[in-house]
Engineer: 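Before I ask anything, here is the structure I am working with.
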Amino acid sequence: MSTGAMRRAQLVSPFGVGAMSILVNGTSVITAGLDHWYKPDDRSTLAIEQYTEHDWRLEERLGVREFRLPPDYRFSSGSGDNRNLRLTVPVLRFPRWCFCMYCKRLKLSTLTMRQAEYCPDPICTARPYKSRMSQVPFVTICPRGHLDDFPFDKWVHHSLSPSCRGPLRLISRGGGALTGQYVVCEGDGGKEERSLGGILDASRPAGGDETTTLTERLATGEKYECRGAQPWLDDDGSGCGEAIRGALRAAGNVYFPKIESSIYLPRHEGAISAELHELMRRQDVGPVLKVLRTAFGDGVTVAQLRESLPYDLFAPITDDQLTAAYRDLFGIGEEPPAAIDGDHEEVLTANDEWRHPEYKLLRETPQDDYLTANDPGIAPGLADALDRVRRVDVVRETRALRGFTRVRDGGLRLSEGKALLRRRALPTQHDWLPAYVVKGEGIYLELSAAALRTWEVRQAVKDRADLIARRYGATARKRGLEDRVLGPRFVMLHTLAHLLINELVFTCGYSSASLRERLYVSEDAHKSMAGVLIYTAAGDSEGTMGGLVRMARPANLLAVFSGALSNARWCSADPVCMEVGQAGQGPDSCNLAACHGCALLPETSCEEFNRFLDRGLVIGTFDAPDLGFFSN
């Protein structure tokens, strides 16, 4: 099949395992499972340590031994080094159904075909030029992550097991939406046809489970349920039982990657340099350390380490540094994250237990090669609103793909998500997940605890935040999701982060998707948090030259705040944005006064998919100008 180039970070999100993408020649493909990654050809040898990354907290959280960067395609350098040459990530052609642009004939191809598909219809074979077929735009999905071809033959015959094998055609007759699209069968028993109208629809009877038009109406008296197909694993499935719905292959509900991220926290601040981190992953060092770990576990001695490792490389390194690096590499001597209740989701990306250690360290001034922060001071004009500002000169974030959902972005248990990524599960001691590492810079801001307490206890403030909480609660109950706390503190700080990012885009010259928020919000008395880290999010060198951290200087930050709040007081869509916001807008109506003209960001920059936003809690509303935290 034709190949296509893609950034390595995109193979984690948004085009990770199970996601569809389009090659340069127009072919729609689906990224294959992890079982088939890192397969060298006969002229190359595999050196997996070149793709290995570690983050001790995230490894414990996801139950894996390591993370691996997606492979990069390398040509032979001519130096004799044939490691990791011509590695690719395999893809499969999907959907398999294709149709002729001239005669509209439908044909079912294979996942692994390597050549273009040409129309077999006599009308086209008689033409002087071959008619190349295109893939259909329709697929079927289910909430458990399964994906399948649309059942054109079953749909047109109103049967789960049609006997007719006549040629099918996909014909457009105009009209609105899908009602003008028809599947036509030209079998021996006569022509049959059926409109595709309604194949995307779903409904939920009062007190019942969600059902779909495709499941209920494909065949009279029988239900067409998901068979559990996973084409990215070449698995036709053995039954699922969920209601299945039609979808456009490029629709937003076909793939929701579940990304778990972690800011790297050094176990012992400054004990391990970036150079020593890289040294521990060398081809002649990493495998030796793994053997020592297997043989001696936590009890390996410095003498054993030095005896097994290249002398010249480690001679300048002290015993304490070597011990610290070994312990850091394998996560020795640290208390693992709190256990997760098996009756609930196995991983909650933004829970308090997970983010609180990051919060505690960021609010100080750590000095490490992987996390460096300094205190630039606070401008007098912001002293009443902020308790802390940190200029984060170095930050390292690991983002790992732990699964995905379809239909909606709901909860996903860790074990279920990992099962979707590969056909055969690996033992825990060998398990790994695809990830990529972002190294950049940022600004950490922490709101004044005293001012926040005074503001968030006001009844008018609580009532406005409750509008969002109630709407999300209704959506969560309808979809079977867990409810969550959405207090004034969270909504206000989240919206403030968006406003600041939009201002920094213009002030610093960043692209709109190169900055990202990381929220530290909790109302728990033992883990109270009210901070936000705004940092460079791109997986390349953009935004790592000091442009962002320069804005942490008191005078610069005051100007950024002034510009952001001033712009927020009047949206280009006002008064509509502010007034319509009372009834809810945005995804699931979970925003109030927030739209593309004032507070929304690219979805890669927002942790909540542009939900739970309201300018009113930041700068006030037309009717209550003193409602916002920054009204004065």
Side-chain angles (χ1 to χ4, degrees), residues 263-266 269-270 355-397 439-456 489 492-510 514-522 527-537 543-568 618-619 628-632:
I263 299 294
Y264 182 85
L265 302 183
E269 188 179 316
R355 296 252 171 127
H356 195 254
E358 297 178 11
Y359 167 79
K360 290 195 299 182
L361 193 55
L362 282 171
R363 67 201 307 259
E364 305 302 330
T365 55
Q367 299 296 314
D368 189 87
D369 282 0
Y370 280 173
L371 183 63
T372 303
N374 296 284
D375 183 0
I378 303 176
L382 294 174
D384 293 338
L386 301 179
D387 272 349
R388 280 181 178 81
V389 175
R390 292 291 181 263
R391 187 186 73 230
V392 184
D393 297 285
V394 179
V395 65
R396 183 180 189 270
E397 182 192 24
K439 300 175 184 177
E441 60 190 11
I443 303 174
Y444 172 77
L445 308 169
E446 186 176 324
L447 297 180
S448 166
L452 193 60
R453 283 193 299 268
T454 302
W455 173 78
E456 64 184 356
R489 175 184 306 201
M492 185 271 292
L493 188 58
H494 184 204
T495 309
L496 176 64
H498 278 228
L499 298 175
L500 291 174
I501 289 175
N502 279 329
E503 180 66 17
L504 287 167
V505 165
F506 291 103
T507 305
C508 304
Y510 293 102
S514 62
L515 297 182
R516 183 179 174 88
E517 66 176 356
R518 191 169 182 86
L519 301 171
Y520 299 94
V521 183
S522 173
K527 293 183 175 63
S528 179
M529 297 185 287
V532 60
L533 174 66
I534 298 174
Y535 62 106
T536 53
T544 60
M545 302 301 291
L548 180 59
V549 295
R550 190 177 295 115
M551 292 296 105
R553 296 172 182 171
N556 293 343
L557 189 60
L558 179 59
V560 170
F561 261 87
S562 298
L565 297 177
S566 176
N567 293 335
V618 179
I619 46 84
F629 183 80
F630 289 92
S631 290
N632 297 323

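Heads up: numbering here begins at 1 and tracks the sequence. Hydrogens, waters and symmetry mates play no part in the numbers below; they use all other heavy atoms, side chains included. Predicted model only: the values in this text are computed from it and were never measured.
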Engineer: Return the NZ to OH distance between Lys360 and Tyr520, rounded to the nearest 0.5 Å.
Structural biologist: 13.0 Å

Engineer: So, taking the atom named CG in Asn567 and the one named CZ in Phe506, what distance separates them when rounded to the nearest 0.5 Å?
Structural biologist: 8.5 Å

Engineer: Listed by chain and number, what are the salt bridge (Lys or Arg N to Asp or Glu O under 4.0 Å) partners of Glu503, not counting sequence neighbours?
Structural biologist: none

Engineer: Could you tell me which non-hydrogen atom of Leu452 sits nearest to which non-hydrogen atom of Ala530, and how far apart they are?
Structural biologist: CD2-CB, 3.5 Å

Engineer: Classify the side-chain pair Thr507/Arg550 by whether it contains a donor and acceptor separated by less than 3.5 Å.
Structural biologist: no

Engineer: Ignoring hydrogens, what is the shortest heavy-atom contact between Val392 and Val549? Give both atom names and the distance.
Structural biologist: O-CG1, 3.2 Å

Engineer: Let's go through Leu533 and Ile263 carefully: what are the C-alpha distance in whole Å and the side-chain angles of both, what is the deciding distance for side-chain contact (heavy atoms from CB on, under 4.5 Å) to 0.1 Å, and is it a yes or a no?
Structural biologist: CA-CA 11 Å; Leu533 174 66; Ile263 299 294; 4.2 Å; yes

Engineer: By salt bridge (Lys or Arg N to Asp or Glu O under 4.0 Å), which residues pair with Lys527, not counting sequence neighbours?
Structural biologist: Glu353

Engineer: Of the non-hydrogen atoms in Ala568 and Leu499, which two are nearest, and what is the gap between them?
Structural biologist: CB-CD1, 3.7 Å

Engineer: What residues form a side chain to side chain donor-acceptor pair (under 3.5 Å) with Thr495, not counting sequence neighbours?
Structural biologist: none

Engineer: Angle between ring planes, Phe630 versus Phe561, binned at 30° and 60°: parallel, tilted or perpendicular?
Structural biologist: tilted

Engineer: Of all residues at least two apart in sequence or in a different chain, which pass the ring pair (Phe, Tyr, Trp, His ring centres under 6.0 Å) check with Tyr359?
Structural biologist: His356

Engineer: For Met492 versus Trp455, what's the shortest heavy-atom pair and its separation?
Structural biologist: CB-CH2, 3.6 Å

Engineer: Rounded to the nearest 0.5 Å, what separates atom CG in Asn502 from atom CG in Leu515?
Structural biologist: 9.5 Å

Engineer: Can you tell me how far CG of Asn632 sits from CG of Asp384, rounded to the nearest 0.5 angstrom?
Structural biologist: 10.0 Å

Engineer: List the residues meeting salt bridge (Lys or Arg N to Asp or Glu O under 4.0 Å) with Asp393, not counting sequence neighbours, and say none if there are none.
Structural biologist: Arg391

Engineer: To the nearest 0.5 angstrom, please state how far the OG atom of Ser631 sits from the CD1 atom of Ile619.
Structural biologist: 7.0 Å

Engineer: State, to 0.1 Å, how close Leu548 and Thr536 come at their nearest heavy-atom pair, and which atoms those are.
Structural biologist: CD2-N, 4.1 Å

Engineer: Considering only distance and modelled atom types, tabulate donor-acceptor pairs under 3.5 Å from the side chains of residues 375-382, sequence neighbours left out.
Structural biologist:
residue	atom	partner	partner atom	Å
Asp375	OD1	Gly377	N	2.9
Asp375	OD1	Arg390	NH1	3.4

Engineer: When rounded to the nearest 0.5 angstrom, what is the spacing between OH in Tyr535 and CZ in Arg518?
Structural biologist: 5.5 Å

Engineer: Heavy atoms, side chains only, cut-off 4.5 Å: are Leu371 and Leu265 in contact?
Structural biologist: yes

Engineer: To check you understand the geometry: which heavy-atom pair defines the closest contact between Ile443 and Met551, and what is its length?
Structural biologist: CD1-CB, 3.9 Å

